Amino acid sequence: MAKFQAPKGVSEYFPDRSLYFEYVRNTLIDSARTSGYKLIELPVFEDTELFTRGVGESTDVVSKEMYTFEDRGGRSITLRPEGTAGVMRSVIEHNLDRGQLPVKVWYSGAFFRAERPQAGRYRQFYQVGIEAIGLNDPEIDVEVIAIAERAFKTLGLKNYQLEITSLGDVDTRQRYSKDLRAFISTLDLDEATVARAELNPLRLFDDKREEIKSAMASAPILLDYLSPESAAHFERVQNGLRALNIDFIVNNRMVRGLDYYTETAFEFSHRDLGAQSGIGGGGRYDGLMEQLGGQSLSGIGFGIGVDRTVLACEAEGVALPNSYFLDLFIVPLSPEAKASALALAEQLRGEGLSVDIAYGDRSLKGGMKAADKSGARFSVVLGDDELASSNLTLKDMRTGEGEAVTIASLGAHLRSAR
RNA sequence: GUGGGCGUAGCUCAGCUGGUAGAGCACUCGGUUGUGGUCCGAGAUGUCGCGGGUUCGAGCCCCGUCGCUCACCCCA
């Protein structure tokens, strides 16, 4: 009988690494929740056309990385490759944009792209994202960036960098794109590169070959084409970031992979990761809602890669907080004691403490070993003496020291040590 | 999609010019009749990724395939 394996290129999190994943994801979510964003829980599959129209047919994500299939009713369905299009669809469908603006939502879940797997790149990957929809207010841009920044800081990350730019409005982009294409046509390029430039001329700014880099050094720069309104918007965003002491650099050659971005665009990258160093990114999108059949409102959001943020935390040696470990591990010495241990554990669990027990009628030594492995802060042995007297020895697993406590005061002791 | 490296015990890996499998760690028990992490002893564990070929004989050679991994590309 052949053993089953996970499909190619998916990321899985199981103990104990899953605790780490959970911590990172929760920290990202908390940053959004504390800023007034509310959960939006959406399907992982959507009408294929939502993505071809929303993300853009010319993007690699849509043209060659989507998991698309026909459902039983003959509809073309696609596993979501990103989060923004689905959020916009739901906002439009349920008229969330008819109330007070901006609509502020966060989401967390799995996304799918049929790429060749690599360090930090998976076919099923996890993102936490937020969207603030309905107002073109530069201070919202600042808030969105600050939420990502604060999450990374809370995790304790240091070796990352924020880059920002402005892509201008739709007209500006078209004017610029024309000039950039004209410039590129003067270069002597191979066929594949010309084809890439035709899809999106900005891509050439990302090329890793030295000869292309130097050739592009004299290319026209988008920031020089900005309208007075766009320039003023971008200026306010930068001032806002400075006011919050958020470090950033303006990267006037930044390339974003999705077609819908306009005005402010940003990216967080981490130094200790491999080729896939982007841990999060996002930007403003002016035309997206209208493109998807809604009213013409602007929005801004980001997607943070949970998998890559986990890798970044591991690279920097970020430690799990105490609350992710057990408060107490009970080692019962007999079947009778085990029944009492379970009753005690359930009582403490009901008080919000995390407690586990040595099952399986193990020896004292085996039970203590299990207590050690569990990572619990304290352990306690439950035998005939303890049950008779109600007096316990609460052992601090870090120092090895024991303290005499009564069963009644056990909960209070554990809480005070948190 | 293109290219490089690699698949041997739960994990990390060794295995000479082909002779039929090993170490460390981890695990279980014991040394210590009621206290883990150190030390000592004992024990359990493999269709050597899968399929085919060459050979008297394949973990080792050849072909295919699946997977992992890194890079290109792309992006979270």
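These numbers come from a predicted model, not from an experiment. Each chain gets a letter, A, B and so on, in the order its sequence line appears, and its residues count up from 1.
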Specify whether A:F21 and A:Y126 have parallel, tilted or perpendicular ring planes, treating 30° as the upper limit for parallel and 60° as the lower limit for perpendicular. perpendicular
In whole angstroms, how far is the C1' atom of B:rC75 from the CZ atom of A:F111? 14 Å
In whole Å, what separates the C1' atom of B:rG46 from that of B:rU69? 24 Å
Could one point to a donor on the side chain of A:E115 or the base of B:rA76 with an acceptor on the other under 3.5 Å away? yes
Does A:Y122 reach a base, just sugar-phosphate, or nothing at all? Heavy atoms under 4.0 Å. base
Determine all donor-acceptor pairs shorter than 3.5 Å in which one atom belongs to a side chain in residues 62-69 of chain A; sequence neighbours excluded.
unit_1	atom_1	unit_2	atom_2	d
A:S63	OG	A:T59	O	2.9
A:K64	NZ	A:D60	OD2	3.2
A:T68	OG1	A:T78	OG1	2.8

Of A:V61 and A:G274, the one whose closest RNA chain B nucleotide lies more 5': A:G274
Distance test, side-chain N/O of A:R196 to OP1/OP2 of B:rC74, below 4.0 Å: yes
Would you say a side-chain N or O of A:Q118 is under 4.0 Å from OP1 or OP2 of B:rA71? yes
Whole angstrom value for the distance that separates P of B:rA76 from CE of A:M254: 11 Å
Checking A:H233 against A:R236 for the side chain to side chain contact (heavy atoms under 4.5 Å, CB included) test, could you report, in this order, the C-alpha distance in whole Å, the side-chain angles of both residues, the deciding distance, and whether it holds? CA-CA 5 Å; A:H233 184 105; A:R236 277 177 67 181; 6.0 Å; no
Given the structure, check if the side chain of A:R113 and the base of B:rC75 hold any donor-acceptor pair shorter than 3.5 Å. no
Scan residues 397-413 of chain A against RNA chain B and write down, sorted by residue number, each residue with any heavy atom closer than 4.0 Å; if none is found, say none. A:M397, A:R398, A:G400
Are A:Y37 and A:V105 packed together at the side-chain level, in the sense that at least one heavy-atom pair is separated by less than 4.5 angstrom? no
In numerical order, the residues of residues 82-91 of chain A whose heavy atoms come under 4.0 Å of RNA chain B are none
Applied to residues 347-380 of chain A, the ring-ring contact (aromatic ring centres under 6.0 Å, His included) test, sequence neighbours excluded, yields none
From CD (A:Q124) to CD (A:E12), nearest 0.5 Å: 9.0 Å
Can you check the distance between B:rU38 and B:rC16, where both ends of the measurement are the C1' atom (answer in whole Å)? 37 Å
Between C1' on B:rC70 and CG on A:L311, what's the gap in Å once rounded to a whole number? 14 Å
For the pair A:R150 and A:T34, evaluate side chain to side chain contact (heavy atoms under 4.5 Å, CB included) and give the outcome as yes or no after the intermediate values. CA-CA 11 Å; A:R150 182 155 34 79; A:T34 54; 3.3 Å; yes
Compare the minimum distances between each of B:rA71, B:rG67, B:rG36 and the side chain of A:K395, then state the nucleotide with the smallest one. B:rG36
Can you tell me how far P in B:rA23 sits from the matching atom in B:rG15, rounded to whole Å? 15 Å
Report which part of the nucleic acid A:G9 touches: base, sugar-phosphate, or nothing (heavy-atom distance under 4.0 Å, all strands). sugar-phosphate
Sort and list the pairs that fulfil side-chain hydrogen bond (donor to acceptor under 3.5 Å, both in side chains) and have at least one residue in residues 384-397 of chain A, not counting sequence neighbours. A:R377-A:D396
On a whole-Å scale, what distance lies between the C1' atoms belonging to B:rU12 and B:rU2? 31 Å
Quick one: side-chain hydrogen bond (donor to acceptor under 3.5 Å, both in side chains) pairs with a partner in residues 364-375 of chain A, sequence neighbours left out? none
For A:D190, which residues count as a side chain to side chain contact (heavy atoms under 4.5 Å, CB included) partner, sequence neighbours excluded? A:A192, A:T193, A:R209
Roughly how many Å is it from CZ in A:R123 to P in B:rC74, rounded to a whole number? 18 Å
When Watson-Crick pairs (N1 to N3 and N6-O4 or O6-N4) and G-U wobble pairs (N1-O2 and O6-N3) count only below 3.5 Å on both distances, what is the dot-bracket string of RNA chain B, with | for other-strand pairs? (((((((..((((.....[..)))).(((((.......))))).....(((((..]....))))))))))))....
Indicate the atoms forming the closest heavy-atom contact of A:W106 with A:A32, along with that distance. CB-CB, 4.0 Å
If you draw a 6.0 Å radius around CZ in A:R253, do more than 12 non-hydrogen atoms from other residues or ligands fall strictly inside? yes
Provide the distance between the two C1' atoms, one in B:rC6 and one in B:rC48, to the nearest whole Å. 14 Å
With sequence neighbours excluded, residues passing side chain to side chain contact (heavy atoms under 4.5 Å, CB included) with A:K38: none
What integer number of Å spans the C1' atoms of B:rU8 and B:rG4? 23 Å
What's the gap between B:rC50 and B:rA9 when it is taken at their P atoms, as a whole Å value? 10 Å
Are A:R89 and A:D47 within salt-bridge range, i.e. N to O under 4.0 Å? no
Decide side chain to side chain contact (heavy atoms under 4.5 Å, CB included) for A:F152 and A:L162; before the verdict, give the C-alpha distance in whole Å, the side-chain angles of both, and the deciding distance to 0.1 Å. CA-CA 11 Å; A:F152 295 140; A:L162 166 64; over 6 Å; no
Is there a residue in residues 328-340 of chain A whose heavy atoms reach under 4.0 Å of RNA chain B, and which residues are they? A:L333
Around atom CG of A:D16, are there more than 12 heavy atoms of other residues, nucleotides or ligands at under 6.0 Å? no
Hey, can you pull the residues of residues 203-215 of chain A with a non-hydrogen atom under 4.0 angstrom from RNA chain B? A:R203, A:K208
Heavy atoms from C-beta onward define the side chain here; which of B:rA71, B:rA76, B:rU28 lies closest to that of A:R362? B:rU28
Pull out every residue in residues 363-387 of chain A that has a heavy atom closer than 4.0 Å to any atom of RNA chain B, ordered by number, or say none. A:S363, A:L364, A:K365, A:M368, A:K369, A:D372, A:K373, A:V381, A:D384, A:D385, A:E386
Please report whether the ring centroid of A:F268 lies less than 6.0 Å from that of A:F302. no
Could you give the distance separating B:rG59 and B:rG43 at their P atoms, to the nearest angstrom? 27 Å
Over how many whole Å does the gap from A:L326 atom CG to B:rG36 atom C1' extend? 15 Å
Between the base of B:rA76 and the ring of A:F125 - centre-to-centre under 5.5 Å, planes within under 30° - is that a stack? yes
Charged N-O contact under 4.0 Å between A:R25 and A:E22: no
Rounded distance (Å) that lies between atom P of B:rG1 and atom CZ of A:R116: 7 Å
A:S354-A:D327 side chain donor-acceptor pair, cut-off 3.5 Å: yes
A:V318 backbone acceptor or donor facing A:E316 side chain under 3.5 Å: no
5'-most by nearest nucleotide on RNA chain B - A:L273 or A:G278: A:L273
I'd like to know if A:R308 reaches the base of B:rC75 with its side chain such that a donor and an acceptor end up less than 3.5 angstrom apart. yes
Quick one: does A:F329's side chain get under 4.5 Å of A:M397's, heavy atoms only? no
